[in-house]
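The block underneath contains the structure these notes are about, expressed in structure tokens.
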Amino acid sequence: MIEFDNDGVCRSEKSAFTTGANGLYKVEEKGNKIRFSIDASGFTRTVQTTGTITKVFWSETDGVTRNTQSTYSIPPGFIYADAIVRYGRIPGTLEMEEGLLRVEEKSGLFGVSSKMIACGKFRASFISSAS
């Protein structure tokens, strides 16, 4: 769960994916988009596939079995989340559409150039706290 305070700071509890450090958020001037960042401890997932390539009719060789492995990772550091915010179906509520997660990838000499790389999607809902 991520809490958004009035001062532009968002807070998340420490988990297997987040460090528990404070992040920041900003709502676009029109009020229909939000971007927030949280400090992530990183994530790696390895997907292994096994497949068979069947014999091609003009070939004289037998079918071949191949094993492949792909590794997907999100590096430690800030992860950025962008989503569209709209009015909810119930009056006085807000809803957030499916959002996009991005990480900053640095490149070039001494990492002076950077670009945002999509690394996943998220779903969110608003929970208002009675103060």
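Values below: all heavy atoms of this structure, side chains included; hydrogens, waters and symmetry mates excluded.
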Does a donor on one side chain sit under 3.5 Å from an acceptor on the other, for T68 and T49? yes
Could you pull out the closest heavy-atom pair between L101 and F122, with the gap in Å? CD2-CD2, 3.6 Å
Side chains of T46 and S70: does their closest heavy-atom pair fall under 4.5 Å? no
I'd like to know if R102 pairs up with D82 as an ion pair, taking the criterion as any Lys NZ or Arg NE/NH1/NH2 lying under 4.0 Å from an Asp or Glu carboxylate oxygen. yes
CG of D7 to CG of L24, rounded to nearest 0.5 Å, is 9.0 Å
Step through the shown structure and confirm whether more than 12 heavy atoms of other residues, nucleotides or ligands are within 6.0 Å of CD on Q69. yes
Compare all side-chain heavy atoms of L94 with those of Y87 and state whether any distance is below 4.5 angstrom. yes
Counting C-beta onward and ignoring hydrogens, is there a side-chain heavy-atom pair between S41 and P76 closer than 4.5 Å? no
With side chain to side chain contact (heavy atoms under 4.5 Å, CB included) as the test, would you mind laying out the steps for D39 and T18 before giving the verdict? CA-CA 6 Å; D39 194 19; T18 60; over 6 Å; no
Gap separating the SG atom of C10 from the NZ atom of K26, nearest 0.5 angstrom: 14.0 Å
If you round to the nearest 0.5 Å, how far is OG1 of T19 from CD of E13? 12.5 Å
Using a strict threshold of under 4.0 Å (side-chain N to carboxylate O), is an ion pair present between E97 and R123? no
For R89 and E95: C-alpha separation, side-chain torsions, deciding distance, then whether salt bridge (charged side-chain N to carboxylate O under 4.0 Å, His left out) applies. CA-CA 8 Å; R89 294 178 196 112; E95 293 180 355; 3.7 Å; yes
Rounded to the nearest 0.5 Å, what's the gap from OH on Y72 to SG on C119? Could you check? 13.5 Å
Are any of the side-chain heavy atoms of F4 and I34 separated by less than 4.5 Å? yes
Any heavy-atom pair between the side chains of F17 and I79 that's under 4.5 Å? yes
To the nearest 0.5 Å, tell me how far S73 OG sits from R45 CZ. 11.5 Å
Answer whether the closest heavy-atom distance between the side chains of I38 and I2 falls below 4.5 Å. yes
How long is the span from the OH atom in Y80 to the CE atom in M116, to the nearest 0.5 Å? 5.5 Å
